[in-house]
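These notes are about the structure you will find just below.
Heavy atoms only: backbone and side chains are in, while hydrogens, waters and symmetry mates are out.
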Amino acid sequence: MTATDRSLQLVNAAAQAAADRLAHDIIAYDVSDVLSITDAFLLASAPNDRQVKSIVDEIEERLQKELGAKPVRREGDRDARWILLDYVDIVIHVQHSEERVFYALERLWKDCPELPLPEDAVKTRGKAQEHAVATGDHTGIAGDPEGELS
């Protein structure tokens, strides 16, 4: 089984929305073979809580406007460190960079096929590390004892 066309539409629109709001390290996995509850996971991160919320708001607005999709569940708003949007066909995780490194969801799904994403989303790979180097905040980036983002 593979992700449906509808799931791929949602993933691509959400990934583009996240990229437009300067999300870092956007990646999507086809989890349809290992999970029966959803077809795909989309992961993105940002260096601060305000940007996490902005990315999530943009994703919700874009999916509603372009595809008529509303999440059936939205969790994690209070702290905006990790917000989950459940669209049934796809689940979107937007995490603060520190949470992204700590929970390392990529490691859980690394055996699942990666889904193709819009070019703008692909270009976000490695942005968390670039941001950390530019700001001098090396907490949780590759090579740091806190973990890796890959």
Side-chain angles (χ1 to χ4, degrees), residues 1-135 137 140-141 149-150:
M1 186 173 176
T2 59
T4 65
D5 289 342
R6 173 68 172 170
S7 298
L8 297 176
Q9 283 181 318
L10 291 166
V11 163
N12 282 303
Q16 185 61 55
D20 290 348
R21 285 288 185 242
L22 306 178
H24 296 168
D25 300 304
I26 301 168
I27 192 165
Y29 295 101
D30 181 339
V31 296
S32 62
D33 283 340
V34 294
L35 292 176
S36 60
I37 58 170
T38 193
D39 283 348
F41 279 164
L42 178 72
L43 310 174
S45 56
N48 62 63
D49 303 350
R50 180 181 286 175
Q51 191 173 356
V52 167
K53 191 155 178 38
S54 175
I55 292 165
V56 168
D57 290 345
E58 182 66 19
I59 290 170
E60 274 192 302
E61 185 177 315
R62 186 92 47 101
L63 293 185
Q64 169 66 35
K65 185 177 179 181
E66 292 180 6
L67 301 170
K70 287 184 176 182
V72 295
R73 192 173 78 203
R74 178 177 171 153
E75 294 191 15
D77 271 335
R78 189 171 0 130
D79 296 330
R81 301 281 297 176
W82 181 350
I83 298 177
L84 179 142
L85 296 172
D86 183 352
Y87 284 88
V88 179
D89 294 323
I90 70 168
V91 175
I92 301 167
H93 300 268
V94 182
Q95 299 173 297
H96 188 288
S97 298
E98 291 171 2
E99 269 66 19
R100 178 94 178 254
V101 170
F102 183 80
Y103 290 101
L105 295 178
E106 290 90 343
R107 288 185 189 158
L108 292 174
W109 307 111
K110 68 182 176 190
D111 294 332
C112 294
E114 219 178 289
L115 292 171
L117 296 175
E119 187 177 333
D120 290 342
V122 173
K123 288 180 183 177
T124 68
R125 306 277 171 86
K127 292 292 183 185
Q129 189 164 359
E130 286 176 24
H131 177 78
V133 169
T135 62
D137 178 14
I141 62 169
L149 187 58
S150 59

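A donor-acceptor contact shorter than 3.5 Å links the side chain of S45 to the backbone of H24. Distance alone, capped at 3.5 Å, places no donor-acceptor pair between the T124 side chain and the A19 backbone. Looking only at distances, a side-chain donor or acceptor of D30 sits under 3.5 Å from a matching main-chain atom of A3. In terms of modelled atom types and a separation under 3.5 Å, the side chain of D25 and the main chain of A44 share no donor-acceptor contact.
Heavy atoms only, all atoms of each residue included: C112 and V34 are closest at SG-CG2, 3.7 Å. Across V88 and T38, no two heavy atoms sit closer than the pair O-OG1, 2.9 Å. In this structure, L67 and Q9 approach most closely via the heavy-atom pair CD1-O, 3.7 Å. Of all heavy-atom pairs between R6 and G68, the closest is NH2-C, 4.5 Å. Scanning both residues, I26 and A15, for their nearest heavy atoms gives CD1-O, 3.7 Å. The nearest pair of heavy atoms linking A40 to V11 is CB-CG2, 3.8 Å.
The salt bridge (charged side-chain N to carboxylate O under 4.0 Å, His left out) test with D57 is passed by exactly one of R74, R21, R50, R62: R74.
Taking CG from L117 and CD1 from I27, the interatomic distance works out to 8.0 Å, rounded to the nearest 0.5 Å. Atoms CD1 and CD1, from I92 and I59 in turn, are 5.0 Å apart once rounded to the nearest 0.5 Å. In this structure, CD1 on I83 lies 11.0 Å from CD on E99, to the nearest 0.5 angstrom. Atom CD1 of I90 sits about 4.5 Å away from atom CG of L10, to the nearest 0.5 Å. Taking CG of N48 as the start and CZ of R81 as the end, the distance is 9.5 Å to the nearest 0.5 Å. Remark: L84 CG to F41 CZ distance equals 8.0 Å, nearest 0.5 Å.
Inter-residue side-chain proximity for E60 and Y87 is flagged as met; some heavy-atom pair is nearer than 4.5 Å. The closest side-chain heavy-atom distance from K53 to D49 is not below 4.5 Å. Residues L35 and W109 meet the side-chain proximity criterion, which asks for heavy atoms closer than 4.5 Å.
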Can you check side chain to side chain donor-acceptor pair (under 3.5 Å) on D20 and Q16, steps first, answer last? CA-CA 6 Å; D20 290 348; Q16 185 61 55; 2.8 Å; yes
For L43 and Y29, run side chain to side chain contact (heavy atoms under 4.5 Å, CB included): C-alpha distance rounded to whole Å, both residues' side-chain angles, the deciding distance at 0.1 Å, then the answer. CA-CA 9 Å; L43 310 174; Y29 295 101; 4.0 Å; yes
Stepwise side chain to side chain contact (heavy atoms under 4.5 Å, CB included) check, H93 with R100: CA-CA 9 Å; H93 300 268; R100 178 94 178 254; over 6 Å; no
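For R125 and E114, the salt-bridge test passes: some basic side-chain N is under 4.0 Å from an acidic carboxylate O.
The aromatic rings of W82 and Y103 sit tilted, their planes meeting at an angle between 30° and 60°.
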